Amino acid sequence: MKHTYQDKFPENFLWGGAISANQAEGGWVDGKGLDLASCFLKGLTDAGSFGKPEEGKYHPLEKGIDFYHRFKEDVKLFGELGFKIFRTSINWSRIFPNGDDDQPNEKGLQFYDELFDELLKYGIQPLVTISHYETPYHLVEKYDSWRNRKLISFFERYCEVIFNRYKDKVKYWLTFNEINNMRRNPFYVGGILYKENENRMQAIYQASHHMFVANARAIKLCRQIIPDAKIGCMMSLSNIYPNNCDPVAVFETQDIRRRALFFPDVMIRGYYPTYIYRLWEEHDCHIEMLDEDLELIKTYTNDFLAFSYYRTTTHEAGQPYFGDTGGDIGTPNPYLETSEFGWQIDPIGFRYTLNELWDRYQIPLIPVENGLGAKDNVVDGQIQDDYRIEYLRQHLLALKEAIKDGVSIMGYTYWGPIDIISAGHLDIEKRYGFIHVDLDNKGNGTLKRTKKKSFYWYQNVIKTNGECLK
Ligand code: BG6
């Protein structure tokens, strides 16, 4: 038997882009409630700034880039780019403004009907994140958010409604955006606000358990209602290396990585990995779980693994680490360049990560967030963003190498193909787009859309199915 390998992007490769509802739509109208992301007053990484937005004070997400009213114009541009797939989220609080409402909000449902119809008109498949940090705020206030088991049934009801409504339009789903950020930023993923003197690890893992059950129930429902759909999980998997060959640094780095992989370990393999029991014991964690929960988690595992990858960092033995939206933070890597927002650019790390995940899980992968956030200059109405093209070119070549390594990759959705509000900074200055939006940090601007140089470049990549990269 002759063995061959895939040496090109596959014919049906899903090229596209990704945004989230809360960072783009704006449109706090038509019965929309408040979601978690909209209650961050300084950016997602600042738990201390969590609260209801002040009336009359400009909140960047209230306007977003006005995708709520301009999506037809934007989707037309995505069509021009040649997108095969477009990832966005449904904002849970548009459908169930409080999360525990008896009836869904029809106007919210209609909005997504129109958005999905528009995408399909251009032959673009929607890839829908069910919650991108968009748990309704009311569930935090009234129920303590995901600490409470009741959240499982609120989420299940929401899934049932959207699966039934969009079953003919959406065939690719993701449950929770970056659920594994629960370990380092549980407030923005799960609405967990710490109480005084509590065992924080206990709170995090208990809430995560509830989310694992909710994920399994969503998969069960999806299989019943849309049997031809695929439903994945979504993780933050920017990577981390030891900063030298000190075995202590190497082992600690493995341990840090395992904390991130713990989440896909449960959701893809279908059981709690044995390494977690020691950690729980040592930190006095007692996670309540029912036998039926474990049965569900075992039976309903995700079909594919979607993840974000922006950069790598390095870990020094004995040092703590913490994270922001792009991954864990450590010591600088002298071999890599750094973006103006401090994230180190590592295309080989992308290939490394794709191989790592394929080796571990053996299910299809899709990087659904990758890109360069930069300050763009508009000169004579034009944006020459060669730095973005270079970032993307290197990462796509690395992805192609991973395909050649034998990794099964369904597609690639670039993060923020149109400028949106940054999650970490809560302003528009950190731009990822191929399409510029005329808006400043104070909310001034015409919102006019302009194609950057990278627009034409990515368009050509898609048109040639990656062949032009060489
Ligand atoms: C991911 C989030 O963590 O990072 C996105 O899923 C976010 O919502 C992205 O926008 C990039 O982070 P930032 O801070 O540059 O917007």
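What you are looking at is a predicted structure, and each value in this text was computed from that prediction instead of being measured. Both counts, for ligands and for their atoms, begin at 1 and track the order of listing.
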K.L.:
Applying side-chain hydrogen bond (donor to acceptor under 3.5 Å, both in side chains), can you list everything that pairs with Y275, at least two apart in sequence or on another chain?
P.N.:
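Scan of Y275 (side-chain hydrogen bond (donor to acceptor under 3.5 Å, both in side chains), adjacent residues dropped) gives D265.
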K.L.:
If you look at each N/O of ligand 1, which protein N/O atoms lie under 3.5 Å away, and at what distance?
P.N.:
from	atom 1	to	atom 2	distance (Å)
ligand 1	3 (O)	E178	OE1	2.6
ligand 1	3 (O)	E178	OE2	2.9
ligand 1	3 (O)	T325	O	2.9
ligand 1	4 (O)	E369	OE1	3.4
ligand 1	6 (O)	H132	NE2	3.3
ligand 1	6 (O)	N177	ND2	2.9
ligand 1	6 (O)	E369	OE1	3.2
ligand 1	6 (O)	E369	OE2	2.8
ligand 1	8 (O)	Q23	OE1	2.7
ligand 1	8 (O)	H132	NE2	2.9
ligand 1	10 (O)	Q23	NE2	2.9
ligand 1	10 (O)	W415	NE1	3.3
ligand 1	12 (O)	T325	OG1	3.1
ligand 1	14 (O)	T325	OG1	2.8
ligand 1	14 (O)	S422	OG	3.4
ligand 1	14 (O)	G424	N	2.8
ligand 1	15 (O)	K430	NZ	2.8
ligand 1	15 (O)	Y432	OH	2.6
ligand 1	16 (O)	S422	OG	3.2
ligand 1	16 (O)	A423	N	2.8

K.L.:
Below 4.5 Å, heavy atoms only, C-beta onward: do H209 and Y272 meet side chain to side chain?
P.N.:
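Yes, their side chains come closer than 4.5 Å.
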K.L.:
May I ask you to decide if the ring planes of Y414 and Y412 are parallel, tilted or perpendicular, using 30° and 60° as cut-offs?
P.N.:
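Correct class here is tilted.
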K.L.:
Charged N to carboxylate O below 4.0 Å: is that the case for E73 and K76?
P.N.:
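A salt bridge is absent here (no side-chain N lies under 4.0 Å from a carboxylate O).
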K.L.:
Would you call K220-E156 a salt bridge at under 4.0 Å N-O?
P.N.:
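So K220 does not pair with E156 through a salt bridge.
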K.L.:
Hey, does the Lys NZ or Arg CZ of K430 hover above the aromatic six-ring of W343, less than 6.0 Å from the centre and inside 45° of the axis?
P.N.:
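K430 over W343 ring: yes.
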